[in-house]
Amino acid sequence: LKLLKRGLVYRREATVNWDPVDMTVLANEQVIDGRGWRSGAVVEKRKLTQWFLRITDYADDLIEGLKTLDRWPEKVRTMQENWIGRSQGLRLTWQFDAAPPQAKAAGVENGLEVYTTRPDTLYGASFLAIAPDHPLAEQLSSDPRVADFIKLCRAGGTSEAEIEGAEKLGLDTGLSVVHPFDPTWKLPVWIANFVLMDYGTGAIFGCPAHDQRDLDFARKYGLPVKPVVVPSDADPATFDVGAEAYVGPGKIFNSDFMDGMTVEQAKAAAVSRVESQDQGKGATVYRLRDWGVSRQRYWGCPIPIIHCEACGPVPVPDDQLPVVLPEDVSFDVPGNPLLRHPTWKNVKCPSCGGDAQRETDTLDTFVDSSWYFARFANPHASEPIDKAAADKWLGVEQYIGGVEHAVLHLLYARFITRALKDEGMLSVAEPFTGLFTQGMVTHETYKSVEGEWVEPDCIDFATESGVRIARVKTTGEQLVIGDIEKMSKSKKNVVAPEGIFETYGVDAARLFVMSDSPPERDVEWTNAGVEGAGRFVHRVWAEFDAQAEGPAPAFDDSDPAALDLRKATHKLIGPVTDSIERFRFNSGVAKLYEFLNVLKGHPAAGATPAVQAARAEALDVLARLINPFTPHLAEACWERLGKDGMVVDAEWPKADAALASDNEVTLPVQINGKRRAELVVAKGADSKAVEALALADASVSVHLAGLTVRKVIVVQDRIINIVAN
RNA sequence: GGGGACGUGGCGGAAUGGUAGACGCAGCGGCCUUAAAAGCCGCAGCCGCAAGGCGUGUGGGUUCGAGUCCCACCGUCCCUACCA
């Protein structure tokens with residue numbers, strides 16, 4: 001209601017995707033190949049009065065704000081920028097040669113307004129085209145030819161393949177308009193199926209030479225094609241567009257006052273000429289539409305509005321908020337239970353006291369997810385948002401989610417956060433200052449010969465003559481092994497976690513997901529992989545279990561085996577810590593595996609006191625380092641060591657710098673970039689001395705035989721490269 | 001059509017411009033066992049008996065040195081779309 005008062009909420013009739021089986025509006029994302037994602041019914045276009053949030057008010061701000069999100073993936077920022085789709089151009093009205101009688105009813109008595117980003121090509125215009133649902137087209141549909149054509153256009157599907165292959169269709173209305181720069185030049189007005197009502201003005205001017213769609217259309221209907229931009233390396237006299245429109249940069253020609261200008265210069269010149277003639281104005285247009293939030297569903301936040309015949313839509317008074325959904329609803333028939341509930345919707349008008357009805361549409365779930373993080377700052381506050389708490393916690397420093405939310409949740413939340421900031425309820429404009437988009441868990445898919453998806457749990461696998469075979473456990477029916485896809489209920493390639501937890505444990509499952517791939521990438525779920533993680537869990541436990549109880553002996557670094565283990569321990573801390581901070585969990589896990597192998601090389605059985613001491617230290621560090629990866633195991637290990645409290649509360653280990661660094665390094669010696677020898681030298685050894693050592697090395701001199709050394713590059717503690725020929 | 005990402009062993013993947021293939025999976029060999037499983041120890045990019053050679057999609061370039069940087073191409077995946 002606060003957004004409503006701010007003018008950010010409005011109601012209008014809109015064309016929506018209507019699922020006739022589930023009897024609800026679907027978002028564009030929920031329409032797959034023209035069918036409802038759940039019902040599979042062919043989705044209809046329907047006009048419904050819907051509530052909208054004015055996200056377009058924030059279009060510029062949302063684009064500008066992207067520049068501040070330097071801890072967001074470039075990809076997501078690009079997607080949002082493209083989605084908002086700001087373009088700079090010109091709105092231009094073309095006067096009718098002779099206005100039709102329907103012009104007034106269509107609201108175009110002053111002419112047809114078009115939007116273009118290419119005013120520089122105005123002299124290449126050859127026709128005007130309006131969308132089939134443009135008001136003028138609708139007014140003209142008393143003509144059966146027009147009515148039939150509009151019907152034909154609507155029949156066209158919305159699926160990708162249909163749009164891809166769709167033929168350009170047009171109908172000449174017989175009307176004509178006058179060119180803004182030449183009163184003697186008349187252009188025909190067409191209705192065309194490729195013009196969209198909900199972008200720009202729903203009308204375009206066609207410039208076939210410099211737009212592929214216009215060219216296809218012009219070729220089909222025999223309309224003129226007049227080039228007005230020529231690439232700098234082409235001759236205007238012979239330049240021909242052929243079958244491909246020229247959309248690149250170049251010089252303007254055939255264009256009177258713009259001749260010789262660059263495309264950019266001509267755009268500016270055309271805009272100022274049109275503006276001086278008072279026929280149009282430079283304009284910014286966005287691809288972004290306002291956000292339709294009405295849903296004909298029960299499970300949603302009620303829209304706090306009461307509809308009164310006399311007063312229109314009236315906000316629910318504050319003291320009656322929140323509107324609570326009724327619980328005695330039935331889902332036995334499709335459609336919105338709120339609409340058929342016998343009493344819930346019937347209320348008195350807060351304004352006039354007369355009979356009125358509640359709004360039965362509910363809000364899109366994305367409305368709730370657009371501000372929950374502000375509520376989470378203090379979920380017990382009596383007000384929706386505790387501003388002091390929100391100020392303390394927001395913006396969210398590290399947000400994690402799938403990339404599928406790039407232009408849905410992540411855009412909506414940025415919009416609502418800005419609106420709440422303007423309302424004074426929040427102080428930040430950006431809800432999430434850091435974003436990490438994690439990958440999905442995927443699994444192989446299996447299909448029966450009839451094309452039915454089959455769950456992995458019902459399948460036995462075997463290898464027959466080198467080929468992997470999948471069969472249904474109960475019937476033995478052979479299955480087709482399909483692609484590895486995102487786990488989804490519809491494809492039945494979901495592996496229920498409970499079974500895995502029972503067999504391998506929660507820690508093994510968690511460890512596998514983290515160790516398999518970097519987290520931004522998809523993970524293919526495999527039983528073998530989880531087994532590997534399970535082995536690690538058991539091996540770690542075995543080491544703790546084998547450790548002698550009681551206080552550890554004192555360190556003795558003169559024992560080479562003990563020192564070896566202590567060094568490995570202290571060398572482990574840095575990389576594991578780093579891997580966590582950099583979200584490179586798979587590398588961190590690899591380090592832990594590596595360390596476990598070292599630890600196993602210093603077994604508890606028969607260990608010297610020095611090794612026992614080193615092991616005690618190693619286990620102490622290991623328990624803490626594995627805690628983020630395998631928390632349950634870590635606690636059990638911690639307890640086994642006889643430590644107080646929980647390892648989750650224990651301090652993160654710090655490496656002893658002296659033990660973590662070596663005083664000797666092994667340097668590869670390259671000759672002309674190929675490794676020929678290795679040299680062990682003191683860390684930080686002088687370059688000249690290292691060079692001398694390298695040149696004196698026996699295996700180096702073998703490879704240098706007959707060559708003259710031209711140059712020796714010594715990168716301290718890294719590498720030696722000898723250039724010789 | 002537009003935008004983005006990515007190409008490294010049989011597989012998942014490591015690698016601040018500095019020894020490519022860490023670690024794991026699958027595989028192979030051995031130990032243990034009456035036997036198997038588990039476990040433990042070892043081998044393992046490709047060609048070659050070896051010496052050695054070749055290797056990060058392809059072709060160029062920069063560099064003492066390129067998986068990494070630059071250019072072109074090929075391929076795969078994702079997003080988006082008759083957006084004027």
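Naming: A, B, ... by sequence-line order, numbering from 1 per chain.
Under 4.0 angstrom from either OP1 or OP2 of B:rG4 there lies no side-chain N or O belonging to A:Asn82. Close to B:rC40, at under 4.0 Å from its OP1 or OP2, lies a side-chain N or O of A:Lys600. Dashed line: the shortest gap from a side-chain N or O of A:Arg584 to OP1 or OP2 of B:rA15 is under 4.0 Å. Contact annotation: A:Arg521 reaches the phosphate of B:rG13 (side-chain N/O to OP1 or OP2, under 4.0 Å). Remark: A:Tyr199 is in phosphate contact with B:rA84, judged by side-chain N or O atoms under 4.0 Å from OP1 or OP2.
Put simply, the side chain of A:Tyr286 never gets that close to the backbone of A:Ala59: no donor and acceptor are under 3.5 Å apart. Checked by atom type and distance alone, the side chain of A:Gln279 pairs as donor or acceptor with a backbone atom of A:Thr93 at under 3.5 Å.
Using a 4.5 Å heavy-atom cutoff, the side chains of A:Tyr412 and A:Ile55 are in contact. Under the 4.5 Å side-chain criterion, counting only non-hydrogen atoms from C-beta, A:Thr569 is in contact with A:Phe595.
Heavy atoms of A:Thr117 sit under 4.0 angstrom from primed sugar atoms or phosphate atoms, though from no base atom. Within the nucleic acid shown, A:Arg676 comes within 4.0 Å of sugar-phosphate atoms alone, with no base atom in reach, counting heavy atoms only. Using a 4.0 Å heavy-atom criterion, one finds that A:Asp216 contacts no nucleic acid atom at all. Across all strands shown, A:Tyr115 has heavy atoms under 4.0 Å from base atoms, whether or not it also approaches the sugar-phosphate. Counting non-hydrogen atoms under 4.0 angstrom, A:Gly532 reaches the backbone sugars and phosphates but no base. Counting non-hydrogen atoms under 4.0 angstrom, A:Glu74 reaches nothing in the nucleic acid.
To the nearest angstrom, C1' of B:rC83 lies 14 Å from CE of A:Met197. What separates OH of A:Tyr504 from P of B:rC25 is a distance of 13 Å, to the nearest Å. We find that CZ of A:Phe127 is positioned 10 Å from C1' of B:rA84, with the value rounded to whole Å. Between the CG atom of A:Leu511 and the P atom of B:rC23 there is a distance of 16 Å, rounded to whole Å. In this entry the distance linking CE of A:Met79 with P of B:rA81 reads 10 Å, nearest Å. Look at CG on A:Leu408: it is 12 Å from P on B:rC79, rounded to the nearest Å. Here the C1' atom of nucleotide B:rC23 and the CG atom of A:Asn597 are 9 Å apart, to the nearest Å. The CD atom of A:Glu81 sits 16 Å away from the P atom of B:rA81 (whole-angstrom rounding).
Considering only side-chain atoms of A:Arg213, the nucleotide from B:rA26, B:rC83, B:rG4 that sits closest is B:rC83. Comparing B:rA22, B:rU19, B:rC82 by their nearest atom to the side chain of A:Pro668 picks out B:rU19. When each of B:rC40, B:rA26, B:rC83 is scored by its nearest atom to the side-chain atoms of A:Arg289, the top-ranked nucleotide is B:rC83. Side-chain proximity of A:Pro518 to the nucleotides B:rU19, B:rA14, B:rA81 is greatest for B:rA14. Distances were taken from every side-chain heavy atom of A:Thr116 (C-beta onward) to each of B:rG24, B:rA84, B:rU19; the shortest belongs to B:rA84. In the set B:rA81, B:rA14, B:rC83, B:rA14 carries the atom at the smallest distance from any side-chain atom of A:Ser587. Residue A:Arg675 has its side chain nearest to B:rU19 when only B:rU19, B:rU80, B:rC82 are considered. Minimum atom distance to the side chain of A:Lys75 is reached by B:rC78, of the listed B:rG52, B:rA81, B:rC78. Candidate nucleotides B:rC83, B:rC79, B:rC54 were compared by shortest atom distance to the side chain of A:Leu196, and B:rC83 ranks first.
Applying the 90° cutoff around 0 to the glycosidic angle, B:rG9 is assigned syn.
Interface remark: the A:Arg535 side chain does not form any donor-acceptor pair with the B:rC25 base, using a distance-only criterion of under 3.5 Å. You'll find a donor-acceptor pair under 3.5 Å spanning the side chain of A:Lys168 and the base of B:rC82, going by distance alone.
No hydrogens or angles considered: nothing links the side chains of A:Arg521 and A:Gln438 as a donor-acceptor pair under 3.5 Å.
Atom C1' of B:rG17 sits at a distance of 7 Å from the matching atom of B:rU68, rounded to the whole Å. B:rC77 sits 29 Å from B:rG27 when the P atoms are compared, rounded to a whole Å. Look at the C1' atom in both B:rG9 and B:rG24: the space between them is 14 Å, to the nearest Å. Using P as the reference atom, B:rU56 and B:rU19 are 15 Å apart when rounded to the nearest Å. The same atom, P, is picked in B:rC47 and in B:rC11; the two are 15 Å apart, to the nearest Å. Distance noted for atom C1' between B:rA50 and B:rC69: 39 Å (whole Å). Between B:rA20 and B:rC71, the distance separating the two C1' atoms is 24 Å to the nearest Å. Separation of the P atoms belonging to B:rA66 and B:rG59 is 15 Å when rounded to the nearest angstrom.
Remark: A:Asp60 engages A:Arg86 in a salt bridge, criterion side-chain N to carboxylate O under 4.0 Å. The residues A:Arg584 and A:Glu581 are annotated as not salt-bridged, no charged nitrogen and carboxylate oxygen being separated by less than 4.0 angstrom. Using a 4.0 Å cut-off between charged side-chain N and carboxylate O, A:Lys571 and A:Asp662 make a salt bridge. For the pair A:Lys688 and A:Asp686, the salt-bridge criterion is not met [side-chain N within less than 4.0 Å of a carboxylate O]. Using a cut-off of 4.0 Å between Lys/Arg side-chain N and Asp/Glu carboxylate O, A:Arg615 and A:Glu543 are scored as salt-bridged.
Map A:Ala533 and A:Val195 each onto its nearest nucleotide of RNA chain B; the residue landing nearer the 5' end is A:Ala533. Taking the nucleotide of RNA chain B with the nearest heavy atom to each of A:Gly601 and A:Lys674, the more 5' of the two is matched to A:Gly601.
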Before you tell me yes or no, could you show the steps for A:Ser87 and A:Tyr115 under side chain to side chain donor-acceptor pair (under 3.5 Å), namely the whole-Å CA-CA distance, both residues' side-chain angles and the distance that decides it to 0.1 Å?
CA-CA 10 Å; A:Ser87 76; A:Tyr115 171 73; 2.7 Å; yes
Between A:Trp291 and A:Phe366, is the ring pair (Phe, Tyr, Trp, His ring centres under 6.0 Å) condition met? List the steps.
CA-CA 10 Å; A:Trp291 174 16; A:Phe366 283 112; 7.4 Å; no
Can you name the atoms? Protein N/O to nucleotides 62-64 of chain B N/O, anything below 3.5 Å, with the distance.
from: B:rC64; atom 1: O2'; to: A:Asn721; atom 2: ND2; distance (Å): 3.1
from: B:rC64; atom 1: O2; to: A:Asn721; atom 2: ND2; distance (Å): 2.8

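Relative to the six-membered ring of A:Phe194, A:Lys168 meets both conditions, a distance below 6.0 Å and an angle of at most 45° to the axis.
Proximity of the aromatic rings of A:Phe205 and A:Phe127 is defined here by a centroid distance below 6.0 angstrom, and this criterion is not met.
Stretches of at least 3 consecutive Watson-Crick or G-U wobble pairs, with each checked distance under 3.5 Å, appear in RNA chain B as B:1-7 with B:74-80, B:10-12 with B:23-25, B:27-31 with B:39-43, B:45-47 with B:52-54, B:57-61 with B:69-73.
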